[in-house]
Amino acid sequence: MRILSGIQPSGVPHLGNYLGAVQQWVHHQTPDSLYCVVDLHAITKEIAPDSLRRQTIECAASLFACGLDQESSTLFVQSHVEFHPRLSWLLECVASVGELRRMTQFKEKGEKQELHRVGLFTYPVLMAADILLYGTTHVPVGDDQRQHLELAREIANRFNNTYGQTFVVPEPIYPSVGARVMDLQEPTRKMSKSVSSPLGKIEILDSPEEISRKIKKAVTDTDSVVDYDWEKKPGLSNLLDLLAAATGTEPQKLAENYTRYGDLKADTAEAVVAMLRPIQDRYAVLIDDPSQILSLLNEGAQRVRPVAQATYARASEAMGLLAQ
Ligand code: AQP
């Protein structure tokens, strides 16, 4: 089983990133599990160079704080392995404009940009390259990546059919609870680093007071029946999912324990604070030594580069590019 998954250093990871992806990554750590901070994806949106540099280190520190470690798996920075954009170009010559136009994340995020970046449009192809470079069999991701994963599979199959068997066709892995954590203020859209308002997202480094305040202000509905029903009660169901993920229980069962929204919110806040506390404690120690984080990341890139180089060589030769 070869695992690969990534996260953009576009801000502090939030509960959606943690429950949808990072918690699974920690659970699936083996020497064949590769995780990357996808900085080349982060530059598809406006980001100041200083912020990108700082956030890349902070993002890596927060992943180590969540439980990744270089002894059990490998964490690296995407731009440190030059074969990601190189393979992406080959795959851009296999993917179609129509496929990319159908990507809902492009439609949502593109609308918000003043400058319509080509990179935001082709980003799902780079994501396919990230995955296919390593012979990935499984990709642990949140539910929002379903469409991108399907595209990566489609591109792999098309390439194999056209140029001969080159890529492994990857399977997604979604968590049973927390696969789609919703914005606390707009519970019909996903919690997002760049789109959610400060009150709509809980960052994993938020203080206990901030977490309690945000959950207290979370949008629910006007009646007062506690029910796990995503269609009629998305805000409440989102809170039940958070409490379930933080306590390892079933959201339906939890709903039976509550008659008042206030009690559910108070318990959810307490459980989320307790879940994040050890992560925050470890982060405070790790971020004190950014050069150590950088050296761990460099080591990670060195470890994975030969695999990426070999896959790239196979793909380029299969397409007819001359080997050097
Ligand atoms: N709300 C979410 N619920 C569950 N999983 C989520 N993920 C993201 N949001 C949720 C999962 O987190 C991993 C890393 O995501 P990303 O950093 O690559 O970017 P994203 O999916 O575009 O997430 P954001 O937070 O919305 O980032 P921005 O705003 O910067 O684009 C992925 O596995 C994703 O599924």
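Counting starts at 1 for both ligands and their atoms, following the listed order.
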Once you restrict to heavy atoms under 4.0 Å, what part of [X] touches ligand 1? Side chain, backbone, both or neither.
| X | result |
| --- | --- |
| Asn17 | both |
| Met182 | neither |
| Lys45 | side chain |
| Arg180 | backbone |
| Ala42 | neither |
| Ala21 | side chain |
| Ser10 | side chain |

Contact with ligand 1 for His41, non-hydrogen, under 4.0 angstrom: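 Outside the 4.0 Å threshold, so no.
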
Atom indices of ligand 1, in the order listed, that fall short of 4.0 Å to a heavy atom of [X]:
| X | result |
| --- | --- |
| Ala179 | 3 (N), 4 (C), 5 (N) |
| Gln145 | 21 (O), 34 (C), 35 (O) |
| Val181 | 1 (N), 2 (C), 3 (N), 4 (C) |
| Lys190 | 1 (N), 8 (C), 9 (N), 20 (P), 21 (O), 22 (O), 23 (O), 24 (P), 26 (O) |
| Gly142 | 5 (N), 33 (O), 34 (C), 35 (O) |
| Gly20 | 4 (C), 5 (N) |
| Gly6 | 14 (C) |
| Met191 | 1 (N), 2 (C), 9 (N) |

Ring centroids only, cut at 6.0 angstrom: are Tyr134 and His84 within range, meaning strictly under it?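 Yes - the distance between ring centres of Tyr134 and His84 falls below the 6.0 Å cut-off.
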
Hey, would you say the Tyr123 and His148 ring centroids sit under 6.0 Å apart? yes

Rounded to the nearest 0.5 Å, what separation is found between the CG atom of Leu132 and the CG atom of Leu87? 6.5 Å

From Arg158 CZ over to Leu151 CG, what is the distance, rounded to the nearest 0.5 angstrom?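 Answer rounded to 0.5 Å: 8.0 Å.
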
Ligand 1 N/O within reach of Ser5 N/O, cut-off under 3.5 Å: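 Looking only at distances, the answer is no, because the N/O contact criterion of under 3.5 Å is not met.
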
Does any N or O of ligand 1 fall below 3.5 Å from an N or O anywhere on Pro140, backbone included? no

Main chain of [Y], side chain of [X]: is a donor-acceptor contact present, judged purely on distance under 3.5 Å?
| X | Y | answer |
| --- | --- | --- |
| Lys45 | Ser194 | no |
| Asn160 | Thr166 | yes |
| Tyr261 | Asp223 | yes |

With a 4.0 Å cut-off, would you call Arg305 and Glu82 a salt bridge?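 Result for this pair is yes, salt bridge flagged.
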
State whether Glu210 and Arg213 are salt-bridged, where the test is any N-O pair (Lys NZ or Arg NE/NH1/NH2 against Asp/Glu carboxylate O) under 4.0 Å. no

Whether Tyr228 and Trp230 hold their rings parallel, tilted or perpendicular, with breakpoints at 30° and 60°: perpendicular

How far is atom 6 (C) of ligand 1 from its nearest protein heavy atom, and which residue and atom name does that atom have? Gly16 O, 3.4 Å

Of the protein's non-hydrogen atoms, which lies at the shortest distance from atom 22 (O) of ligand 1, and what is that distance?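 Scanning the protein heavy atoms, the shortest distance from atom 22 (O) of ligand 1 goes to Lys109 NZ, 2.8 Å.
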
Test side-chain contact (heavy atoms from CB on, under 4.5 Å) applied to Arg303 and Gln70, step by step: CA-CA 10 Å; Arg303 248 187 244 168; Gln70 296 292 62; 3.7 Å; yes

Crowding at CD, Glu270 (>12 non-hydrogen neighbours, <6.0 Å): no

